[in-house]
Every structure is written in C-alpha cells, then in structure tokens.
Amino acid sequence: MAVYPKGKKFTASFGAGTTRVRKTFNTVEAALVWEQALKGASNDLPAPSPTCWTLQEAFDQTLKHHWTTGGGVGKAIINAKYALAFFGPTAPISEISAKWIVE
C-alpha cells in the first residue's frame, strides 16, 4: 500500500504478489482516496467465532485473505504448520503465550 510520484502524476499501489493492483492519478489526493477505498474493501473478513478463533481458523483466514504467492509465503506456511503441530489446530489463539513453551 503506497502512493508515490511517477513523473507528473501519482501511482497508488495496493496488495502484493499476484493480487497487487496499481493505478495512476493526476493528483496525490485522488490516489489516496482510491487507496483508502481499497483498504476498506479488504477489511471484509469473516468475523471471528463468538468465543475465539482457533489456531487453525486463524491460519486458514490468513492464508485466504493475506498471503499470496512469492515473497517468502512458502516459508511462512511451513512455519505456520510447525506452530499448528506444536500448539495443536484447536488451540485458542487468545490462550497462546510464553506459558506454552517448556524450558
């Protein structure tokens, strides 16, 4: 998410990887308005369950709505799967803290 000058115009960029969208505007204000509109649209995520998301639910939502191809996503997925194996997929994310780590 960025607005930057490009010659005498301004380019707004939103997203990452294959989901990145760019558009050029005559004014910085128009670019910022467009960027804010896209930010608002990206917040249409499903609400958490009434109690709390499990680690699996959080992983699934992050994978679906935030991670795209490239840029270390593969490593992030591998690391997330290690966390799922360690904490368990049904672990409530609100309960995960340093107390889980054995010294």
Side-chain angles (χ1 to χ4, degrees):
M1 298 178 277
V3 174
Y4 50 91
K6 186 173 184 180
K8 293 182 178 182
K9 298 190 178 202
F10 298 88
T11 296
S13 174
F14 183 81
T18 59
T19 62
R20 180 176 302 269
V21 180
R22 292 183 186 100
K23 191 168 179 180
T24 303
F25 297 88
N26 291 327
T27 65
V28 69
E29 291 82 10
L32 290 169
V33 166
W34 180 81
E35 180 191 32
Q36 288 300 320
L38 286 182
K39 282 182 185 177
S42 72
N43 288 332
D44 297 335
L45 300 177
S49 60
T51 53
C52 176
W53 276 5
T54 65
L55 189 57
Q56 184 68 55
E57 290 171 325
F59 171 75
D60 293 342
Q61 292 301 317
T62 303
L63 185 61
K64 181 178 179 181
H65 295 286
H66 296 287
W67 289 344
T68 60
T69 59
V73 171
K75 272 286 194 204
I77 291 171
I78 289 168
N79 291 335
K81 288 183 179 181
Y82 282 128
L84 283 164
F86 179 80
F87 294 110
T90 59
I93 59 172
S94 63
E95 299 294 319
I96 296 175
S97 68
K99 73 178 183 177
W100 286 64
I101 300 172
V102 178
E103 295 182 7

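Since this is a predicted model, take the numbers as computed values, not measurements.
A83 approaches L55 most closely through the heavy-atom pair O-CD2, 3.6 Å. Residues V3 and F10 share a closest heavy-atom pair of CG1-CB, 4.4 Å. Residue A58 comes nearest to W53 through the heavy atom pair CA-CE3, 3.6 Å, listed as atom of the first residue, atom of the second, then distance.
With respect to K9, the side-chain hydrogen bond (donor to acceptor under 3.5 Å, both in side chains) criterion is satisfied by exactly one of N26, T24, T27: N26.
One distance of note links OG1 of T90 with CD of E57; it measures 10.0 Å at 0.5 Å rounding.
A chain of hydrophobic side-chain contacts below 4.5 Å, direct or via other Ile, Leu, Val, Met, Phe, Trp or Tyr residues, connects F86 to L84.
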Please determine whether side chain to side chain contact (heavy atoms under 4.5 Å, CB included) holds for the pair I77 and F59, giving the CA-CA distance in whole Å, both sets of side-chain angles, and the decisive distance to 0.1 Å. CA-CA 9 Å; I77 291 171; F59 171 75; 4.2 Å; yes

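Every side chain to side chain contact (heavy atoms under 4.5 Å, CB included) that K6 has, sequence neighbours left out, goes to T11.
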